[in-house]
Structure formats: structure tokens, C-alpha cells
Amino acid sequence: MVIRATWSFNGQEKVVLGNWHRLWCLLFGPFYYAFKGMWWWAILSFLTLNGLWIGFPLLNRSIVLRHFYRKGWVQN
């Protein structure tokens, strides 16, 4: 299930999470979060060896949605 969001400032739409977000997080760890612009999570993922390998991929949906919600994105 693809999750889209709209930025409340100018109405720009963006795909926040794709269908395979957990797999991408598991395979690429810190690079996945850096690509999303989530630098704190990228550093944390790198230091904890990708959230002790399985933690971050399991919690990835809530981590990413909370990050974009705090930045002003509203889920469609």
C-alpha cells in the first residue's frame, strides 16, 4: 500500500512510503533514511547497525510517517 502525503504549505504531493519500504530499510539501512532526508535516523541506524538489524525495518512505517507529519505533510 502506497502512502501519499500533501504538504500543507503549497499543496505539493509526494509518495512517503512505497510498497517495499521495509525491504529497502533492511537492505540499505542508513542510506535509506539519508535518501528520505531523515539525517538523525540515518546516523542512529548507522551507529546501531541498522537498529540491531531488524528493529528499524519493523518500525519503519511509524518512524517515517511521524517524521513527515512533524515537517507539515498531511497524509491523503
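All residue numbers refer to positions in the sequence shown, counting from 1. Being a predicted model, the structure only gives us computed values, none of them experimental.
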How many angstroms lie between atom CG of N19 and atom CD1 of I3, to the nearest 0.5 angstrom? 9.5 Å
So which residues get pulled into F35's cluster when ILVMFWY side chains under 4.5 Å apart are joined, directly or through others? none
From W40 CH2 over to I63 CD1, what is the distance, rounded to the nearest 0.5 angstrom? 12.5 Å
Kindly indicate, with the supporting measurements, whether the criterion side-chain contact (heavy atoms from CB on, under 4.5 Å) is fulfilled by V16 and R4. CA-CA 5 Å; V16 176; R4 299 180 189 276; over 6 Å; no
Residues W7, V74; criterion side-chain contact (heavy atoms from CB on, under 4.5 Å); working and verdict: CA-CA 6 Å; W7 195 24; V74 179; over 6 Å; no
To check you understand the geometry: which heavy-atom pair defines the closest contact between S45 and G29, and what is its length? OG-C, 3.7 Å
Within this structure, what is the CE-CG distance for the pair M1 and L17, rounded to the nearest 0.5 Å? 9.0 Å
SG (C25) and CZ (F31) are apart, to the nearest 0.5 Å, by 13.0 Å
Suppose the criterion is side-chain hydrogen bond (donor to acceptor under 3.5 Å, both in side chains): which pairs have a residue in residues 59-76, not counting sequence neighbours? T6-N76, H21-N60, Y32-N60, Y33-N60
My understanding is that only residues two or more places apart in sequence, or in another chain, count here; which of them pass side chain to side chain contact (heavy atoms under 4.5 Å, CB included) with W20? L23, W24
Quick one: CG on L44 to CH2 on W39, what's the gap to the nearest 0.5 Å? 14.5 Å
For residues 8-15, tabulate all N or O donor-acceptor pairs below 3.5 Å that involve a side-chain atom, not counting sequence neighbours.
residue, atom, partner, partner atom, Å
S8, OG, G72, O, 3.2
N10, OD1, Q12, N, 3.1

